[in-house]
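See below for the structure under consideration.
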Amino acid sequence: QVQLLESGGGLVQAGGSLRLSCVASGRTFSYNTMGWFRQAPGKEREFVAAINWSGGRISYADSVRGRFTISRDNAKKSVYLQMNNLKPEDTAVYYCTADRNTFSTVIVTTQTRYNFWGQGTQVTVSS
């Protein structure tokens, strides 16, 4: 069974930091783009960041660029999201995801491209 398991969410004050981790099991995603989406209450799920299989292509949403950093460790089947200078508007459930295609050189930010999803981890930023 293929699983993506997120961890690292929690409650933090504005200006603080959190590091999300996502570990894959059941198969390897070493050749797939992996990324993070988030969904705030009452809002649609939105793209946050993604990194292609080699790490040579990275994309961020405008709202997080300069504050968040995505990275991956294929040997550990893991992808990470370092979140700094968090704001109350970053409050959401964060989902780890993997692209169904392999060896992509272009980052796609629409969620229909991704067909492997974790259960999500809650991030709450207090003001």
Side-chain angles (χ1 to χ4, degrees):
Q1 183 180 1
V2 178
Q3 285 188 318
L4 296 173
L5 182 62
E6 305 99 335
S7 62
L11 174 64
V12 64
Q13 290 188 332
S17 297
L18 284 174
R19 186 184 191 228
L20 304 184
S21 298
C22 172
V23 179
S25 63
R27 59 160 285 176
T28 180
F29 290 101
S30 297
Y31 307 116
N32 303 72
T33 295
M34 298 190 73
W36 295 90
F37 282 71
R38 68 185 181 186
Q39 187 167 19
K43 295 187 177 181
E44 294 187 353
R45 190 175 299 186
E46 64 176 4
F47 172 79
V48 176
I51 182 169
N52 82 326
W53 66 279
S54 67
R57 290 285 187 270
I58 291 176
S59 181
Y60 295 101
D62 289 342
S63 58
V64 307
R65 188 175 292 112
R67 301 186 297 121
F68 290 12
T69 302
I70 189 170
S71 61
R72 67 187 296 162
D73 185 336
N74 288 338
K76 295 182 179 180
K77 299 182 180 181
S78 296
V79 63
Y80 309 98
L81 187 68
Q82 177 66 45
M83 306 186 295
N84 298 329
N85 190 22
L86 283 160
K87 304 177 180 181
E89 52 264 42
D90 294 319
T91 295
V93 177
Y94 284 70
Y95 297 91
C96 175
T97 186
D99 186 347
R100 62 177 178 267
N101 297 306
T102 55
F103 299 107
S104 294
T105 57
V106 177
I107 300 290
V108 177
T109 63
T110 53
Q111 59 179 311
T112 54
R113 174 67 171 251
Y114 299 86
N115 64 344
F116 299 97
W117 293 88
Q119 292 300 306
T121 185
Q122 176 70 47
V123 171
T124 303
V125 184
S126 63
S127 58

Please tell me if the side chains of [X] and [Y] come closer than 4.5 Å, counting only heavy atoms from C-beta onward.
X     : Y      : answer
Trp36 : Val79  : yes
Tyr94 : Met83  : yes
Thr97 : Arg113 : no
Gln3  : Val23  : no
Tyr60 : Arg67  : no
Phe68 : Leu86  : yes
Lys76 : Ser21  : no

Do [X] and [Y] sit in one hydrophobic cluster, given that two such residues count as connected whenever their side-chain heavy atoms are within less than 4.5 Å of each other, even indirectly?
X      : Y      : answer
Ile107 : Leu4   : no
Tyr80  : Val12  : no
Ile70  : Trp53  : no
Met34  : Val64  : yes
Phe47  : Val123 : no

Using the six-membered ring of Phe116, assess whether NZ or CZ of Arg27 lies under 6.0 Å from its centre and within 45 degrees of the ring axis.
yes
To the nearest 0.5 Å, how far apart are [atom1] in [X] and [atom2] in [Y]?
X     : Y      : atom1 : atom2 : answer
Thr91 : Leu11  : OG1   : CG    : 8.5 Å
Leu5  : Ser78  : CG    : OG    : 10.0 Å
Asn74 : Thr28  : CG    : OG1   : 6.5 Å
Tyr31 : Ser104 : OH    : OG    : 14.0 Å

Please find the pair of heavy atoms, one from [X] and one from [Y], that lie closest to each other, and give the distance.
X      : Y      : answer
Pro88  : Ser127 : CG-CB, 3.8 Å
Arg38  : Ala92  : CB-CB, 3.8 Å
Leu81  : Ala49  : CD1-CB, 4.2 Å
Tyr95  : Gly118 : CD2-O, 3.6 Å
Thr124 : Gln122 : OG1-NE2, 3.3 Å
Asp90  : Asn85  : OD2-O, 4.5 Å

Between the side chains of Thr33 and Asn52, is a donor N or O closer than 3.5 angstrom to an acceptor N or O?
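No pair is found: no donor N or O on one side chain lies under 3.5 Å from an acceptor on the other.
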Just by distance, do the side chain of [X] and the backbone of [Y] share a donor-acceptor pair under 3.5 Å?
X      : Y      : value
Glu6   : Gln119 : yes
Arg57  : Thr105 : yes
Thr121 : Gly9   : yes
Asn32  : Asn101 : yes

Count the heavy atoms belonging to other residues, nucleotides or ligands that lie under 6.0 Å from CZ of Arg65, then report whether that count exceeds 12.
yes
Count the heavy atoms of every other residue, nucleotide or ligand shown that sit under 6.0 Å from CD of Glu46, and state whether that count exceeds 12.
yes
